[in-house]
Amino acid sequence: MNRVLVLITLSDSGIEAIKSNPELPKQEMEFVNQWKEENILESFFIAVTKKDAVLIFQNIDESKSKELMETLPYFPYMSKIEYHNLNKQF
């Protein structure tokens with residue numbers, strides 16, 4: 001089964017902006033939880049530093065995953081986004 005792995009890095013200034021607005025993390029998690037309920041987000045990891053995150057999408061292609069990422073409240077604060085198409089082996 002195919003997956004899209006998304007690696008995100010937030011900019012330093014973005015982290016500061018997020019920390020200064022307590023509503024942003026709540027809004028971000030609303031999207032993540034909705035995707036989980038819709039069965040398109042298989043896994044979600046946040047680095048201990050909270051600067052990096054990993055999302056693993058299922059049942060959608062890379063172009064749809066890019067569209068979804070652009071809707072996130074954190075999107076303007078992301079300095080790097082990588083997309084990797086994977087085939088799940090087990």
Output every pair passing side-chain hydrogen bond (donor to acceptor under 3.5 Å, both in side chains) with a member in residues 60-69, not counting sequence neighbours, ordered by first then second residue.
Asp61-Ser63, Glu62-Lys66, Glu62-Asn85
List the atom of Lys50, the atom of Leu10, and the distance in Å for their closest heavy-atom pair.
O-CD1, 3.7 Å
Answer whether the closest heavy-atom distance between the side chains of Met69 and Met78 falls below 4.5 Å.
yes
If I take atom OH from residue Tyr77 and atom CG from residue Leu72, how far apart are they, to the nearest 0.5 angstrom?
12.5 Å
Asn87 backbone acceptor or donor facing Gln89 side chain under 3.5 Å
yes
By side chain to side chain donor-acceptor pair (under 3.5 Å), Lys51 pairs with (sequence neighbours left out) Asp12
Measuring from Leu5:CG to Leu86:CG, what's the distance to the nearest 0.5 Å?
5.5 Å
With salt bridge (Lys or Arg N to Asp or Glu O under 4.0 Å) as the rule and sequence neighbours excluded, what pairs involving residues 69-86 come up?
Lys80-Glu82
Quick one: does Leu55's side chain get under 4.5 Å of Leu68's, heavy atoms only?
no
Non-neighbouring partners of Glu37 that pass salt bridge (Lys or Arg N to Asp or Glu O under 4.0 Å), sequence neighbours left out:
none
Quick one: side chain to side chain donor-acceptor pair (under 3.5 Å) partners of Thr9, sequence neighbours excluded?
Asp52
Heavy-atom side-chain contact between Pro25 and Ile18 under 4.5 Å
yes
Would you name the heavy atoms of Ala53 and Phe44 that are closest together and state the gap between them?
CB-CE1, 4.4 Å
To the closest 0.5 Å, what do you measure between CD (Gln58) and NZ (Lys88)?
7.5 Å
Honestly curious: do Ile81 and Ile46 fall in one hydrophobic cluster under the side-chain, below-4.5 Å linking rule?
yes
Using the salt bridge (Lys or Arg N to Asp or Glu O under 4.0 Å) rule, collect all pairs that involve residues 13-25, keeping only residues at least two apart or in two chains.
Glu23-Lys26
Rounded to the nearest 0.5 Å, how far apart are CG of Asn2 and CD1 of Ile60?
12.0 Å
N/O donor-acceptor pairs under 3.5 Å from side chains in residues 27-35, not counting sequence neighbours:
unit_1: Glu28; atom_1: OE1; unit_2: Tyr74; atom_2: N; d: 2.9
unit_1: Asn33; atom_1: ND2; unit_2: Met29; atom_2: O; d: 3.1
unit_1: Gln34; atom_1: NE2; unit_2: Glu38; atom_2: OE2; d: 2.8

